[in-house]
2 protein chains.
Amino acid sequence: MVRASTREDILSAAAGLFATGGYKGTSLQDIAAAVGCSKATLLYHFATKEMILATLVAPPVRDLATLSESLTGQPAAVAQGQAIEGFVDLVLNYRREIALIFHDLPHLFQSESFSDIKELIDQLASALAGGSAEPSAMLGVNVIMAGIALVAVDPEHEGVDLRAALVDVARRALIP
Amino acid sequence: MVRASTREDILSAAAGLFATGGYKGTSLQDIAAAVGCSKATLLYHFATKEMILATLVAPPVRDLATLSESLTGQPAAVAQGQAIEGFVDLVLNYRREIALIFHDLPHLFQSESFSDIKELIDQLASALAGGSAEPSAMLGVNVIMAGIALVAVDPEHEGVDLRAALVDVARRALIP
DNA sequence: GTCTATAGGATGATAGAC
DNA sequence: GTCTATCATCCTATAGAC
């Protein structure tokens, strides 16, 4: 196992700490201690603390945009099934980053740099609702999205086939 | 509407701020500004910031303990139905406090004062799983619990019959 | 690229006047 | 009970040596 670059070490440590402790709950000192370097080294690789956050969040947001795009124009029932599997795969690919997004939604939304995230999430939510715009359907969608995002980082569920179990609970909850 | 006491004002403001911004993400200054008093006044009514948190969390934890107790000894299927409705009612009665608990679970658990919360949640989770101890069932339970806890404070769902919609999504997801 | 040292501000908490 | 003023500590970020 070749050692990753310092920059990658920083991103990995920050992802873990942000996911559990939140953005504001994690200090540069916490990250530096986890990496084994000084705070100044963090700020050599990233201009500000918020840039670390932005760098972490960018790839899952890009993939989320791709997923939303691939759903447009499909029949509602087809889009719903693909949205469920696509969302679960997205969460599994970026567990810590997505836990972070759902953990710090209020902070993210009030910052200009992340204003597009809410729109993308709403698009996906609409597909997950199977075309229905009923308030109770949207509420179920939000329950499932938030629940899956938080559970995927819970170390308690290490041994399970996460993908199958998450897709299963989402289908039961969302498909009548 | 008679004005509540300062102490109640503090608890109400703190509940809202903690629920959205998290415990560490909310400063005494934030709370004081929301109440319209000074930081010193907060610390006259509560010895420490953490005591504000403990005071907020105590009533829902007490009700959760009562709920868990009332489920023991019942047949699994009965306990499951009562657990679903009981949990939804608990969340609706203490929306902000429970959002706060799920938002700051890591911080709460590492503090001694709140170590009993995890045990209570695990008891309720077991009832919600309908007696099954299968990992995939427990995972579904955790998805639903976290999802419901977070959605209940989302102002987006103001007009809906929350109780009916939340019980409905929980039943579909948890009862085969 | 990484470090130590430090600036400048926010934080939780205390002291003491009113 | 509530305030202003203050303390010690932590925070993000910068400066400059190596």
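All values derive from a computational prediction rather than experimental measurement. In what follows, chains carry the letters A, B, and so on, assigned in the order in which the sequence lines appear, proteins first and then strands, with residues in each chain numbered from 1. Only heavy atoms go into these numbers, but all of them, side chains included; no hydrogens, no water, no symmetry mates.
As judged by a 4.0 angstrom heavy-atom cut-off over every strand, B:Ser38 is placed among the base-contacting residues. Residue A:Ser5 is classed as having no contact, given no heavy-atom separation below 4.0 Å to the nucleic acid.
A:Val35 is connected to A:Leu28 through a chain of hydrophobic side-chain contacts under 4.5 Å among Ile, Leu, Val, Met, Phe, Trp and Tyr, so both are in one cluster. One hydrophobic cluster, built from ILVMFWY side chains closer than 4.5 Å, holds both B:Leu120 and B:Leu90.
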field: Check against side-chain contact (heavy atoms from CB on, under 4.5 Å), B:Thr20 and B:Val153
entry: CA-CA 8 Å; B:Thr20 58; B:Val153 285; over 6 Å; no

- request: Report the C-alpha distance between B:Tyr94 and B:Ile101 in whole Å, list the side-chain angles of each, state the deciding distance to 0.1 Å, and finish with yes or no for side-chain contact (heavy atoms from CB on, under 4.5 Å).
  value: CA-CA 10 Å; B:Tyr94 301 101; B:Ile101 291 175; over 6 Å; no

- request: Go through A:His103 and A:Phe18 one step at a time and tell me if the side-chain contact (heavy atoms from CB on, under 4.5 Å) criterion holds.
  value: CA-CA 9 Å; A:His103 191 104; A:Phe18 285 164; over 6 Å; no

query: Is there a side-chain contact (heavy atoms from CB on, under 4.5 Å) between B:Ser12 and B:Asp9 once you walk through the steps?
result: CA-CA 5 Å; B:Ser12 179; B:Asp9 288 349; 5.8 Å; no

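A side-chain donor-acceptor contact under 3.5 Å links A:Tyr23 to the backbone of A:Glu50.
For the contact set between residues 41-51 of chain B and DNA chain C, defined by any heavy atom under 4.0 Å, the members are B:Leu43, B:Thr48, B:Lys49.
Each of B:Arg7 and B:Lys39 has a nearest nucleotide on DNA chain D; the 5'-most of these lies closest to B:Arg7. Two residues, A:Ala40 and A:Ser27, neighbour DNA chain D, and the one matched to the more 5' nucleotide by heavy-atom proximity is A:Ser27.
First and last contacting nucleotides of DNA chain C toward chain A (any atom under 4.0 angstrom from a heavy atom, 5' to 3' order): C:dG1 to C:dT4.
Look at CG on A:Leu28: it is 16 Å from C1' on D:dT9, rounded to the nearest Å.
Taking the side chain as every heavy atom from C-beta outward, A:Leu67 and A:Asp63 never approach each other to under 4.5 Å.
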